[in-house]
Q: 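So that we are looking at the same thing, I have put the structure below in structure tokens.
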Number of protein chains: 2
Amino acid sequence: MPIILDPIDRHILRVLQRDGRISNVDLAKEVGLSPSPCLRRVRLLEEAGIIDRYVAVLDPAKVGAGLTVFARVWFKTQDAEVTLRFAEAVRRFPEVMECYLTTGECDAVLRIVTADLHSYWRFQADHLTRIPSVLSVKTDVPMETLKRSFELPLR
Amino acid sequence: MPIILDPIDRHILRVLQRDGRISNVDLAKEVGLSPSPCLRRVRLLEEAGIIDRYVAVLDPAKVGAGLTVFARVWFKTQDAEVTLRFAEAVRRFPEVMECYLTTGECDAVLRIVTADLHSYWRFQADHLTRIPSVLSVKTDVPMETLKRSFELPLR
DNA sequence: AGTCCTGCGCAATGAGCTTGCGAAGCATCC
DNA sequence: GGATGCTTCGCAAGCTCATTGCGCAGGACT
């Protein structure tokens with residue numbers, strides 16, 4: 001059932017994670033195949049769902065999303081109802097890029113993207129803390145980041 | 001200096017964040033332009049660095065990266081030396097997808113991707129806690145996630 | 001050895017990218 | 001008020017690239 005990836009497949013995936021818009025002929029050249037079998041492999045990887053989709057990655061600073069904030073959230077209670085309502089609520093805010101419902105010290109970790117610190121505090125006060133499930137929020141503002149979001153390790 | 005994005009540009013960016021490999025003619029159709037000015041706008045957005053790059057998004061579960069873990073890290077001391085050494089050290093591990101050096105309760109937040117929980121604990125024991133800068137690590141294992149990593153909010 | 005099967009390369013067709021050019025809308029300045 | 005310059009559009013031609021069908025080579029199994 002799990003598709004077996006040979007070295008060429010992994011090579012293709014590595015290249016496409018770096019450049020999702022490389023032409024098929026260049027991709028074929030890079031992995032040492034002729035264009036047609038290379039394209040066939042890519043199609044198979046797509047149909048198997050191993051390649052989920054292709055996206056453009058924008059520069060956050062240049063589209064008014066220069067600040068990434070981690071918010072740790074504590075719920076009033078920890079039942080499924082409250083948790084689901086929270087997950088549903090954050091889905092409506094485009095600022096919330098990721099929501100992790102955790103089993104650790106806090107109940108949820110949010111990665112939130114806004115233009116700057118001021119708009120973040122406004123978002124937290126106006127929207128985040130007003131979600132009924134939320135008891136309290138603690139904020140981590142990153143200073144420097146390593147971003148490898150788009151390249152999964154292929155070993 | 002900051003490039004002004006008109007509604008058509010934002011429309012283009014939204015579409016490309018969903019589908020980075022859409023053909024230019026389809027993109028033009030969707031935003032209500034003819035192919036050539038549409039392609040010209042895309043090229044400008046690329047040259048301005050607003051579109052940073054295009055990538056293929058893989059399904060983590062299907063490439064042996066099924067588990068995402070948040071690790072909060074505390075340093076032994078908080079001077080620049082220790083911090084930089086830590087940032088340098090995590091860079092060598094492909095499992096570390098993101099590293100946020102924070103100013104909040106802990107000193108760093110890592111997003112770590114491994115195949116499963118067992119490989120995570122092995123990674124933490126063998127590599128993470130052996131970085132000289134590291135005093136202690138606390139782990140948040142997410143149960144359910146909202147993933148919007150690739151679509152920045154355009155308002 | 002013969003047969004099947006998988007995956008390769010080649011070639012032809014067609015779709016899409018790319019560029020140059022002329023026209024239309026709009027603001028500025030005599 | 002009309003002319004000029006600037007911007008951005010659409011059209012068309014040329015050319016690259018994607019896509020498909022087909023034949024061939026190498027390995028496995030009988």
Side-chain angles (χ1 to χ4, degrees), chain A residues 1-59 61-65 150-155, chain B residues 1-59 61-65 150-155:
Chain A
M1 200 59 190
I3 290 101
I4 298 166
L5 299 177
D6 71 7
I8 297 181
D9 289 324
R10 282 195 291 272
H11 197 169
I12 288 176
L13 292 176
R14 267 192 297 271
V15 173
L16 287 179
Q17 282 195 107
R18 275 193 290 102
D19 181 4
R21 259 198 156 173
I22 189 173
S23 81
N24 183 56
V25 293
D26 290 342
L27 176 61
K29 221 170 289 174
E30 191 145 345
V31 303
L33 284 180
S34 72
S36 32
C38 180
L39 184 63
R40 268 186 281 265
R41 280 170 182 264
V42 172
R43 290 286 171 269
L44 284 176
L45 292 168
E46 289 168 358
E47 282 159 23
I50 292 172
I51 296 175
D52 181 34
R53 62 197 196 282
Y54 300 88
V55 301
V57 180
L58 308 190
D59 183 332
K62 291 184 177 158
V63 293
F150 311 107
E151 294 190 18
L152 294 175
L154 297 171
R155 280 198 160 163
Chain B
M1 200 60 189
I3 290 98
I4 298 166
L5 300 177
D6 70 7
I8 297 181
D9 289 324
R10 280 194 291 272
H11 197 170
I12 288 175
L13 292 176
R14 267 191 297 269
V15 172
L16 287 178
Q17 282 195 105
R18 276 194 289 104
D19 180 4
R21 258 198 158 173
I22 189 173
S23 80
N24 183 56
V25 292
D26 289 343
L27 176 60
K29 221 170 290 175
E30 192 145 344
V31 304
L33 282 180
S34 72
S36 32
C38 180
L39 184 64
R40 267 186 280 263
R41 279 168 182 264
V42 172
R43 290 285 171 270
L44 284 177
L45 292 169
E46 289 167 359
E47 283 159 22
I50 293 173
I51 297 175
D52 182 34
R53 62 198 195 279
Y54 300 88
V55 301
V57 180
L58 309 189
D59 183 333
K62 291 185 176 156
V63 294
F150 310 109
E151 294 190 16
L152 294 176
L154 298 172
R155 281 196 160 163

Q: Tell me the interatomic distance from Y54(B), atom OH, to dC17(C), atom C1', rounded to whole angstroms.
A: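 Y54(B) atom OH is separated from dC17(C) atom C1' by 13 Å.
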
Q: For E46(B), what residues pass the side chain to side chain donor-acceptor pair (under 3.5 Å) criterion, not counting sequence neighbours?
A: R43(B), Y54(B)

Q: To the nearest Å, how far apart are L39(B) CG and dA13(D) P?
A: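 After rounding, the reported distance stands at 19 Å.
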
Q: Ignoring hydrogens and angles, answer whether the base of dC8(C) and the side-chain atoms of S36(A) contain a donor-acceptor pair closer than 3.5 Å.
A: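 Answer no: no donor N or O sits under 3.5 Å from an acceptor.
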
Q: Is any side-chain heavy atom of D59(A) closer than 4.5 Å to a side-chain heavy atom of I50(B)?
A: no

Q: In residues 19-34 of chain A, which ones come under 4.0 Å of DNA chain C, going by heavy atoms?
A: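 Contacts with DNA chain C under 4.0 Å: L33(A), S34(A).
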
Q: Using heavy atoms to find the nearest nucleotide of DNA chain D for R40(A) and I8(B) separately, return the residue whose nucleotide is more 5′.
A: I8(B)

Q: Do I22(A) and L16(A) touch side chain to side chain, with heavy atoms closer than 4.5 Å?
A: yes

Q: What distance separates D19(A) CG from D26(A) CG, expressed to the nearest 0.5 Å?
A: 9.0 Å

Q: Looking only at non-hydrogen atoms, find the nearest pair between R18(B) and V55(A) and report the distance.
A: O-CG1, 4.3 Å

Q: Start with the C-alpha gap between R41(B) and D6(B), add the side-chain angles, then the distance that decides, and say whether salt bridge (Lys or Arg N to Asp or Glu O under 4.0 Å) holds.
A: CA-CA 11 Å; R41(B) 279 168 182 264; D6(B) 70 7; 3.1 Å; yes

Q: Take atom CG of L5(B) and atom P of dT8(D), then tell me their distance rounded to the nearest Å.
A: 13 Å

Q: Does a nitrogen or oxygen in the side chain of R43(A) sit under 4.0 Å from OP1 or OP2 of dT19(D)?
A: yes

